[in-house]
Amino acid sequence: MTNYPAYRPNPIPARAGVGLKPAHYADILETKPPVGWFEVHPENYMGEGGSPHKYLDAIRRDYALSLHGVGMSLGGVDPLDGDHLARFKSLVDRYEPGLVSEHLAWATHDGDFMNDLFPLPLTQEALEVMCEHVEQMQDTLNRQILVENPSTYLSLEDDVMSEPEFLHALATKTGCGLLLDVNNVYVSACNHGFDAIAYLDEIDARLIGEIHLAGHAVESIGEVELRIDDHGSQVCPDVWGLYERLIMRVGAKPTLIEWDTNVPSWAVLSHEAERAQIILEQNDLVLGRRHGDANFA
Amino acid sequence: MPTLRDFQTSFGASVRGASATGLGPVRENGIPLERRMDVYRNNVHSSLIDALASAYPVVERLVGHDFFRAMAREFLRAHMPQRGTLTGFGGELPEFLEGFGPASSLPYLGDVARVDRAWLTAYHGADCPAIDADALAQTAPEDLGELRIDLHPAVQFVTSRYPIWSIWRTNKEDETPGGVDLTSGGETICLLRPGTGVEVHLVNRGTAKLGEGLRRGLTLGAAFEAAHLDDETFDLGNALHLFLSGGAFTRVVHEPSFGATL
């Protein structure tokens, strides 16, 4: 394991940030809203030039930025795609993001990129593959990355450890941090019948570099509900409750609102971010404040 | 327990339509495995079809939403993305459409797709400062033929034996697309990106020949010869004016035919 130096210029603050969508470029540049930071999928900026880079350059001048990859396929049994890694690195060099993250998932197999986050068996073999690829990505970028827990719709009886155990082992072996997606924990907990609170309580607070919040859809299959992570609506009340409980335990952490389908107006999206920001400020352990305590006594 | 490679091979085949076997025992928890796999099947296909639709908006408008999605599903059988980004995905669609039976009544569809594709290539093309419009004015008229001119990476051309500009433009911009006389002859399109906005121009065939010649490294004189051979109505002054005002030239080098670099 390598210890990478902490990233200094424009770190991501422990405030609420928003996933940046092209539909909001103009609003953001005109009104310079008081959002803590923005996050983008680097895959959307892998064209060589033109409009996407012009807008991202302009927004980066005013805000801290996080790069959140969805196409690296860290859990794929095939070697990482060196060209993809090189494109990713050139974006890191150009935009100097405060955080870089990817997923506990795979998407590429036999050369085909299937553009989703597929589940891994939680086995020793999968852990070794993830460790090798996380180390390769960190070595190439010369910095720590965060690895996010995915929403899953399938779980295997062959699993030899829980997802928190797998993520802790990955962080211990590679020095990576964790991006904890509270909505994903809730979606997976409902789909597989485990306890979301117990999962979140198990995560080592020191490993959490970032938190994601998003909405999901509910599909009825016969008598049973399957929850589907579509990032297409407001964060649901249960997930807000889990988030608040988590922040009370671990303190303020950079928190992103993701809304990627049925993208709403900037006003609706920034309102979601304000809601997270209020919870963060009520639980700012660094400042020794806990304005919210009375509500939970 | 399958190896990770076997698990991923089985899972990938299942996502693409095979029944879900070879994954090892799954915890169904009240929801059958096939229904669980359907979530992944749907995520993969709907996200990739959406990506194709946003890359080929005029093709989608011409054939309609339902036809496009059915066609895209067929396309994906043989053309999954080969890179971990969807920027650039779907480059084989024009050729695919020309061999796609259900679209054979629209013989120009492949060229419409080429224009959509060229638009996206122009949109994402590398940034590079253009030379001033008066840059050529500093060259003595007798030396013009010996210039080599670099084209901006965003500049694209599409030449078709169909009235492709008329078809593409009315389906891109008009609320109710107008009719186009398919017997009116071929058209050529030049796409320029002077700032970050893509411009689509109807040009004569010689203008495209000139641009393609310059991009291949021909001198202005040789590129002009090729353009004029192909298109007798070709007017060099008009073509240079379009290129210069649209930021199409990034570098001009005066290179006499021999001696200069020795």
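Owing to the predicted nature of the structure, the values given are computational and were not obtained by experimental measurement. Chain letters run A, B, ... following the sequence lines, proteins first and then strands; every chain starts at 1.
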Out of [options], return the one with the most heavy atom pairs under 4.5 angstrom to chain B.
{"options": "A:M72, A:R87, A:M46, A:E225", "answer": "A:R87"}
{"options": "A:A107, A:P42, A:S51", "answer": "A:S51"}
{"options": "A:V129, A:I221, A:L120", "answer": "A:I221"}
{"options": "A:P119, A:G193, A:S73, A:G222", "answer": "A:P119"}

Contact leader toward chain A among [options], where contacts are heavy-atom pairs under 4.5 Å:
{"options": "B:N29, B:L48, B:T3", "result": "B:N29"}
{"options": "B:R16, B:M1, B:R27, B:H79", "result": "B:R27"}
{"options": "B:V198, B:T121, B:V44", "result": "B:V44"}
{"options": "B:D127, B:L33, B:L4, B:I31", "result": "B:L4"}
{"options": "B:G88, B:G195, B:G84", "result": "B:G84"}
{"options": "B:G197, B:A154, B:P25", "result": "B:P25"}

Using a strict threshold of under 4.0 Å (side-chain N to carboxylate O), is an ion pair present between [Y] and [X]?
{"X": "B:R117", "Y": "B:E92", "value": "no"}
{"X": "B:D111", "Y": "B:R114", "value": "yes"}
{"X": "B:D38", "Y": "B:R35", "value": "yes"}
{"X": "B:D174", "Y": "B:R169", "value": "yes"}

Next item on the list: Go through the structure and list residues passing salt bridge (charged side-chain N to carboxylate O under 4.0 Å, His left out) with B:R36, not counting sequence neighbours.
Entry: none
Checklist line | Proximal component of A:H192, with respect to chain B [non-hydrogen, under 4.5 Å] | finding: both
Note to self: Counting only non-hydrogen atoms closer than 4.5 Å, does A:E219 touch chain B with its backbone (N, CA, C, O), its side chain (CB onward), both, or neither?
What the structure shows: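 It is the side chain, since no backbone atom gets that close.
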Notebook entry, point to check: What part of B:V15 gets closer than 4.5 Å to chain A, counting heavy atoms only: side chain, backbone, both or neither?
Noted result: side chain
Next item on the list: Please round to the nearest 0.5 Å and tell me the distance separating atom CZ of A:R60 and atom CD of A:E96.
Entry: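 One gets 6.5 Å once the value is rounded to the nearest 0.5 Å.
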Next item on the list: Evaluate the ring pair (Phe, Tyr, Trp, His ring centres under 6.0 Å) criterion for residues A:H216 and A:H231: first the C-alpha distance (whole Å), next the side-chain angles of each, then the deciding distance (0.1 Å), finally the verdict.
Entry: CA-CA 6 Å; A:H216 65 264; A:H231 297 181; over 10 Å; no
